[in-house]
Amino acid sequence: MDLDPLQAFRERAVELIGSGLKKLGTETVLPVEIPPDGMGDFAFPCFPLAKELRKSPVEIAKAMAGHIGNDPMFCKIESAGPYVNFHISPNELVGRTLVSVLGLKGEFGNAPPTSQKINLEHTSANPNGPLHVGRARNPIIGDTLARILRRCGNDVTTEFYVDDMGKQQVTLTWGVENLTQEGEIHSKPDHAMVWYYQEASRRMEADPKVLAEINAMISRYEARDPDIAARVRANCEKVLAGMNQSMGRLGIKFDSFAWESKYIFDGSVEKIIEKLRSLECTSVDNGALYLDLNEFGISGKENKFFLTRGDGSSLYSTRDMAYHLDKLANYDSAIDVLGEDHRLKARVVGIGVRLLGQEKPIEPVFYSFVSLPEGKMSTRRGRVVYLDDLIDEAVAIARDEVEKRRPEVSEELKSSIADAVGTGAIRYNIIRIQAEKQLVFKWEEALNFEGNSAPFIQYSHARASSILRKAGESAGHDASLLTHPSEVQLAKMMARFPSVIKECGRSKESHLLAAYAYDLAAMFNQFYRDCPVLVAEEKLKSARLAMVKASKIVLGNALDTLGIMAPEEL
RNA sequence: GGACCUGUAGCUUAGCCAGGAUUGAGCGCUGGCCUUCUAAGCCAGAUGUCAUGGGUUCGAAUCCCAUCAGGUCCGCCA
């Protein structure tokens, strides 16, 4: 059984091209391509050989096709103009694909284990209020990538780096300790706590006395006052619990939490500052240690990247270096999902970690912010759409739809379908877009349930499930009966899944998987239209049921990798 | 001033990293399909100077240079 059914065909095509090239008398090795629809499954363009062989590409293609002859894995190997095209033998492909999918089930698409231990840090939002959709890309990209990399055979640990040392956290704590919230208090802790942060920020801006009090707290905190640390941490934990609850609704949970303050209190930040101080590329300005970015080919308005304040206390990036050294001591590599505003910092942290003698890779994955039509979201100003509100709205709309479409089913089932559809739609509508593209949040787009959306894919999965429910048990299948173009195309699409997972893992681009899941569902819908299953003659019915079973598995695996639920009915 | 990311149909987008045969989709729009496995579906149609201008190449949406537009960063904040 092949882990990757398409791979065998590709390898055979490459082999055949190799032998064809040899017969033409050239050592040149060239990659195969995927041709446009209808031109076969693998293509070999002959242009690059024209100069060397002093023949036209068309002649070369003809000669190649002649030399290659026939092969049982391909039903046709022919020249088409300057190309040699390979058409996979449908029987062979359908048979092998069904064996792989039905044999591997939930594991179909997975690569063999790599023994790579990866720490994947994502989200790491300041715990001063609920998650808003401006940053919601981060947990969704991070969690999807973790799922992909696990399927690629890696041992992945997801981690949330809790920034409990920032001014924002101290401001929140000052608010909690000095202000009293009136009126109804939100039952979810992050929503209840954000008022203190917003109100304390306002007071701090208006009243220098408040600012002085907060600054005094920060100084004591950085001087490792354990009392302040405990008070700040307690507030962070409350907000964090609320954030985790929100992410949990989207199927996102973390394996580990790393607290920034740890690296101050355990002395590791102090140690690396000493080490950095001893390096030739660092200098001191008014007592503050800095790195000269010019030496690393980075230029800007200001080329000094400060590592400490004038009093020798640490800065965020320096603590981040300590954190990354700690991570890399325990993992083979680190992946950080970061907003695009962190690009320079991430680069400098990477430089710092190298300077400190750690060579293991840190790979950043960047995304652009989600903004509102009226501008950037801001927790402090309260100009935000909270993730919880988006989820509530999506689930409520899905619930209305279920009520309309399936009035007969139980309340419990209605709720679970609405939950799967609402949360799935949110994840899908964010992950389907390439991370670097800037995104303007629009309710109607975020709540899209039609066409290129999660419910479209979930719907195909539900239809497959429904057919299987009605069919009952079936015996073996004869794949050679599956000759309808829609059956062959569907099998081909399923066979692609392992290479899509591989490619997503290589490029760290999860949107490719979303596109694949959509294409697969669309292909299943065509099959569903063209190939009746339950009314087919007995042998054909069994064969088609195998197709449906396999489709359900691959759709389910794709949705699972996207972190989207795959209900049995919709 | 310097650096990085993005620019493809009215809107949203895939393809760009690894150049190759007609640039694929979704929404919206026009028309058709529920007495056959769930119409969150299917089919047909209209819609593209691939931001602009050069260059490299047999061949450029894809690579290089310049320009324009949007975003981000260049803080002894995080």
Side-chain angles (χ1 to χ4, degrees), chain A residues 31 33 35-39 43 45 47-48 50-51 56-57 80-83 85 126 163 165-169 260 285-290 293 297-313 315-317 319-320 339-345 347 366-369 371 376 398 401-402 404-406 421 425 429 432-440 442 444-445 448-460 462-471 506-507 509 511-512 514-515 518-519 522 525-526 528-536 544 548 569-570:
Chain A
E33 305 182 346
D37 270 352
M39 313 287 241
F47 306 98
K51 246 183 205 157
S56 80
Y83 297 88
N85 291 339
N126 290 329
D163 173 14
M165 287 297 295
K167 188 175 191 172
Q168 303 185 36
Q169 301 323 312
E260 185 181 10
D285 180 6
N286 274 327
L289 187 70
Y290 69 88
L293 294 182
I298 302 171
S299 57
K301 227 190 289 181
E302 178 59 70
N303 294 313
K304 291 175 182 170
F305 191 95
F306 283 92
L307 300 163
T308 74
R309 296 193 180 91
D311 63 5
S313 63
L315 293 167
Y316 174 83
S317 292
R319 302 195 285 264
D320 213 11
E340 59 177 341
D341 54 334
H342 282 71
R343 279 193 132 101
L344 176 64
K345 273 153 287 188
R347 208 166 148 193
F366 297 106
Y367 65 92
S368 299
F369 297 121
S371 59
K376 251 172 109 170
E401 281 301 312
V402 179
K404 264 186 248 164
R405 293 165 201 268
R406 309 289 306 278
V421 166
N429 284 327
R432 75 187 174 87
I433 291 165
Q434 192 193 334
E436 295 87 357
K437 287 222 172 167
Q438 50 211 67
L439 223 152
V440 178
K442 290 181 193 121
E444 64 273 26
E445 278 169 23
N448 174 34
F449 291 177
E450 279 168 15
N452 191 1
S453 69
F456 179 93
I457 304 160
Q458 292 170 316
Y459 186 66
S460 297
R463 276 177 152 180
S465 307
S466 165
I467 293 174
L468 295 173
R469 261 198 312 277
K470 290 187 173 155
R506 185 199 66 80
S507 64
E509 291 184 335
H511 70 279
L512 304 175
Y518 174 76
D519 289 342
N525 291 349
Q526 281 182 41
Y528 180 92
R529 179 196 68 212
D530 296 334
C531 306
V533 178
L534 298 175
V535 297
R544 285 187 172 165
V548 175
E569 46 189 307
L570 226 60

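Letters go in sequence order (proteins before strands), and every chain restarts at 1.
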Inter-nucleotide [atom1] distance ([N], [M]), Å rounded:
N     : M     : atom1 : result
B:U12 : B:U6  : C1'   : 15 Å
B:G53 : B:G71 : P     : 24 Å
B:G28 : B:U47 : C1'   : 11 Å
B:G75 : B:A66 : C1'   : 33 Å
B:C4  : B:C63 : P     : 15 Å

- Protein proximity profile, nucleotides 7-12 of chain B - base contact B, sugar-phosphate-only contact S, no contact -, cut-off 4.0 Å on heavy atoms: SB---S
Considering all heavy atoms, the nearest [X]-[Y] contact:
X        : Y        : result
A:Ser368 : A:Glu436 : OG-O, 2.7 Å
A:Leu570 : A:Val421 : CD1-CG2, 3.9 Å
A:Ala514 : A:Arg432 : CB-CA, 3.7 Å

- Item | Chi-based syn or anti call at B:C5, which uses purine or pyrimidine torsion atoms and a 90° bound |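 B:C5: anti glycosidic orientation.
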- Query: If you look at every strand shown and take non-hydrogen atoms under 4.0 Å, does A:Arg544 touch a base, only sugar-phosphate, or nothing?
  - Reply: nothing
- Query: Looking for any heavy atom pair under 4.0 Å, which part of the strands does A:Ala43 touch: base, sugar-phosphate only, or nothing?
  - Reply: base
- Can you find an N or O donor on one side and an acceptor on the other, under 3.5 Å apart, linking the side chain of A:Asn525 with the base of B:A39? no
- Message: So for A:Arg309 and B:C77, does any side-chain atom that can act as donor or acceptor lie under 3.5 Å from a complementary atom in the base?
- Response: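 Such a pair does not exist between side chain and base.
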- Query: Given that A:Val402 and A:Lys51 both sit by RNA chain B, which one's nearest nucleotide is further toward the 5' end?
  - Reply: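 Looking at RNA chain B, the more 5' nearest nucleotide goes with A:Val402.
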Phosphate-side-chain proximity, [X] and [N], N/O vs OP1/OP2 below 4.0 Å:
X        : N     : result
A:Lys304 : B:C76 : no
A:Arg469 : B:C37 : no
A:His511 : B:G15 : yes

- Query: What orientation do A:Phe47 and A:Tyr83 show, parallel under 30°, tilted 30 to 60°, or perpendicular over 60°?
  - Reply: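 A:Phe47 vs A:Tyr83 ring planes: perpendicular.
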- Message: I'd like to know if A:Lys304 and A:Asp285 make a salt bridge, using a cut-off of under 4.0 Å between side-chain N and carboxylate O.
- Response: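 Looking at A:Lys304 and A:Asp285, the cut-off is met.
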- Do the ring centers of A:Phe306 and A:Tyr316 come within less than 6.0 Å of each other?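 When the ring centroids of A:Phe306 and A:Tyr316 are compared, they turn out to be at least 6.0 Å apart.
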- Message: Can you tell me which nucleotide in B:C74, B:C4, B:C77 comes closest to the side chain of A:Arg343?
- Response: B:C4
- Decide, applying a 5.5 Å centre-distance limit and a 30° plane-angle limit (both strict), whether A:Phe47 stacks on B:G59.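 Whether judged by distance or by angle, A:Phe47 falls short somewhere, so it does not stack on the base of B:G59.
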